[in-house]
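Before any comments, here is the structure.
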Protein chains: 2
Amino acid sequence: MDTEPTKIPQATAKRLPLYYRFINNLHSQGKLRVSSKELSEAVKVDSATIRRDFSYFGALGKKGYGYNVEYLLSFFRKTLDQDETTEVALIGVGNLGTAFLNYNFTKNNNTRIQVAFDADKRRVGTEVGGVKVEHIDDFENKIENIKVAILTVPSNAAQGMAERLIEAGVTAILNFTPARITVPPHVRVHHIDLAVELQALVYFLKHYPLEDGEEEE
Amino acid sequence: MDTEPTKIPQATAKRLPLYYRFINNLHSQGKLRVSSKELSEAVKVDSATIRRDFSYFGALGKKGYGYNVEYLLSFFRKTLDQDETTEVALIGVGNLGTAFLNYNFTKNNNTRIQVAFDADKRRVGTEVGGVKVEHIDDFENKIENIKVAILTVPSNAAQGMAERLIEAGVTAILNFTPARITVPPHVRVHHIDLAVELQALVYFLKHYPLEDGEEEE
DNA sequence: CTTACTATGTGAAACATTTAACGACTTCTC
DNA sequence: GAGAAGTCGTTAAATGTTTCACATAGTAAG
């Protein structure tokens with residue numbers, strides 16, 4: 001009973017949540033069918049890429065018709081495990097951390113921030129976005145079943161915190177600090193580096209002028 | 001006098017700011033030389049990839065020696081236009097926007113948030129992270145020379161704001177809203193979608209177990 | 001039923017990126 | 001100064017991703 005088909009390319013996997021969200025929108029708008037072309041315009045991914053992506057999961061659509069929204073939705077729900085919620089811990093309740101806490105992922109998502117931690121005693125005990133803030137030194141006791149952490153601490157604390165998280169059983173970290181943390185091979189880290197993103201955008205702006213007609217991810 | 005060599009691959013261009021920051025660190029630590037191997041360990045990019053990346057700009061290193069930090073730094077400073085500051089506008093001073101304003105990009109960066117805008121009158125007139133907050137309806141007058149905007153507004157406002165920004169002359173947008181905005185071909189948009197990033201991480205966690213020895217970007 | 005239309009799923013080509021491997025040159029050590 | 005060790009720059013191979021283009025099968029309508 002493995003839901004896994006053959007391995008999906010990573011590039012495809014990264015687009016799945018995006019597809020899911022949009023299909024979800026369509027569904028709540030009461031739309032019954034959708035073509036790869038419509039989807040393409042909405043999510044800004046080439047329609048052939050969408051068809052290819054979907055095809056890794058088998059034939060989800062009907063020729064001459066498109067995709068049935070209801071079916072697509074229930075398919076992705078299963079595939080993305082939307083039914084079981086993944087509990088997440090957030091480390092560092094600064095501005096960025098607060099932004100996450102207020103984001104309310106659970107709405108369209110299978111992820112929920114269960115608990116947040118901060119080193120600043122003034123923040124401990126408060127509640128942000130419905131999530132309790134605990135002191136960072138207590139966390140070893142409070143994240144026993146948590147495998148995913150969002151790291152929004154100052155960058156000099158990043159490596160140390162990562163090690164403590166891993167020690168406590170975390171195996172996936174979304175790292176928003178500029179520090180590139182070093183982790184054992186069984187731990188997955190995704191870096192999102194705001195300064196780098198902004199600089200890269202500026203670099204593209206200056207060195208890769210868009211000609212009319214050239215489009216963009 | 002074109003600083004442009006032949007076109008650099010996009011994947012390389014996205015790594016340049018990362019390299020720059022790290023080389024900058026080395027320099028302020030007083031380090032004189034660095035090898036692609038050391039750099040690789042620090043930024044978590046394969047050393048062959050680093051050598052390849054650097055080689056697009058010509059021969060920056062010396063065989064048997066490595067790279068001279070001073071030289072590398074001054075080279076990247078030029079290449080990434082670190083000398084001229086790019087002015088940026090920030091739209092939407094919520095938690096995420098505030099996080100950006102407090103980030104202080106100028107420190108290691110050639111980008112500076114010059115002005116921020118918000119629709120909430122209570123925020124207008126305040127200063128966040130040293131940046132004045134203006135009312136959003138005034139912005140057409142105040143961003144005449146600004147080409148880059150960070151969009152951290154609620155997602156239902158994203159498309160409309162994007163259009164106003166473009167109308168006012170913006171040609172690059174860093175979009176943090178979940179909305180995939182539609183823009184004319186001469187405008188560059190980079191999407192950073194926090195919920196998608198988190199979901200993708202969870203998907204990888206569940207479906208792509210890391211074997212020992214497998215490493216990760 | 002037949003014809004016109006539509007849109008999928010995919011083979012094959014094109015394109016992009018990463019990685020391995022190694023020759024050439026430098027530095028280091030004795 | 002000679003040999004060992006180190007490290008770049010690059011050629012070539014491998015891998016990954018996107019896109020084209022079209023046969024095929026379904027829909028829609030008279």
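First the proteins, then the strands, lettered A, B, ... as listed; each starts at 1. Model, not experiment: these values are computed from the prediction.
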[X] side chain to [Y] main-chain N or O, any donor-acceptor pair under 3.5 Å?
{"X": "Ser40(B)", "Y": "Val45(B)", "value": "yes"}
{"X": "Arg33(B)", "Y": "Tyr65(B)", "value": "yes"}
{"X": "Lys7(B)", "Y": "His207(A)", "value": "yes"}
{"X": "Thr152(A)", "Y": "Gly92(A)", "value": "yes"}

Give a yes or no on whether Lys37(B) atom NZ has more than 12 heavy-atom contacts from other residues, nucleotides or ligands under 6.0 Å away.
->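 No, the 6.0 Å shell around NZ holds no more than 12 heavy atoms from other groups.
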For the residue pair Tyr208(A) and Phe204(A), does the interplanar ring angle fall in the parallel (under 30°), tilted (30 to 60°) or perpendicular (over 60°) class?
->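 Ring orientation of Tyr208(A) relative to Phe204(A): perpendicular.
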Quick tally for nucleotides 19-30 of chain D: nucleotides whose base has a protein heavy atom under 4.0 Å get B, sugar-phosphate-only ones S, the rest -, giving B-B--BBSSS--
Value in whole Å for how far the [atom2] atom of [N] lies from [atom1] of [X]:
{"X": "Lys14(A)", "N": "dG16(D)", "atom1": "NZ", "atom2": "P", "value": "14 Å"}
{"X": "Tyr208(B)", "N": "dG16(D)", "atom1": "OH", "atom2": "P", "value": "11 Å"}
{"X": "Tyr71(A)", "N": "dT8(C)", "atom1": "OH", "atom2": "P", "value": "15 Å"}
{"X": "Ile50(B)", "N": "dT18(C)", "atom1": "CD1", "atom2": "P", "value": "12 Å"}
{"X": "Phe57(B)", "N": "dC8(D)", "atom1": "CZ", "atom2": "P", "value": "17 Å"}
{"X": "Gln10(B)", "N": "dT17(C)", "atom1": "CD", "atom2": "P", "value": "7 Å"}
{"X": "Lys7(B)", "N": "dA16(C)", "atom1": "NZ", "atom2": "P", "value": "13 Å"}
{"X": "Asp53(A)", "N": "dT8(C)", "atom1": "CG", "atom2": "P", "value": "13 Å"}

Is the shortest side-chain N/O distance from Tyr67(A) to OP1 or OP2 of dT6(C) below 4.0 Å?
->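 So the side-chain polar atoms of Tyr67(A) never come under 4.0 Å of the phosphate oxygens OP1 or OP2 of dT6(C).
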What's the shortest heavy-atom distance between Thr111(B) and Val202(A), and which atoms?
->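 Nearest pair, atom of Thr111(B) first, then Val202(A): CG2-CG2, 3.6 Å.
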NA contact type, Ser36(A), heavy-atom cut-off 4.0 Å: base, sugar-phosphate, or nothing?
->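 Result for Ser36(A) = sugar-phosphate.
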Does a side-chain heavy-atom distance below 4.5 Å link Met161(A) with Ile136(A)?
->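 Contact flag for Met161(A)/Ile136(A) side chains = yes.
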Of the nucleotides dT17(D), dG9(D), dT7(D), which one has an atom closest to the side chain of Ala11(A)?
->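 The nucleotide sitting nearest to the side chain is dT17(D).
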Quick one: which of Leu101(B), Ile146(B), Val128(B) gives a side-chain contact (heavy atoms from CB on, under 4.5 Å) with Ile113(B)?
->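 Option passing the side-chain contact (heavy atoms from CB on, under 4.5 Å) with Ile113(B): Leu101(B).
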Rounded to 10 degrees, the angle between the two terminal axes of the helix from dC1(C)-dG30(D) to dC30(C)-dG1(D), each from five pairs |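 So the angle between the two local helix axes works out to 20°.
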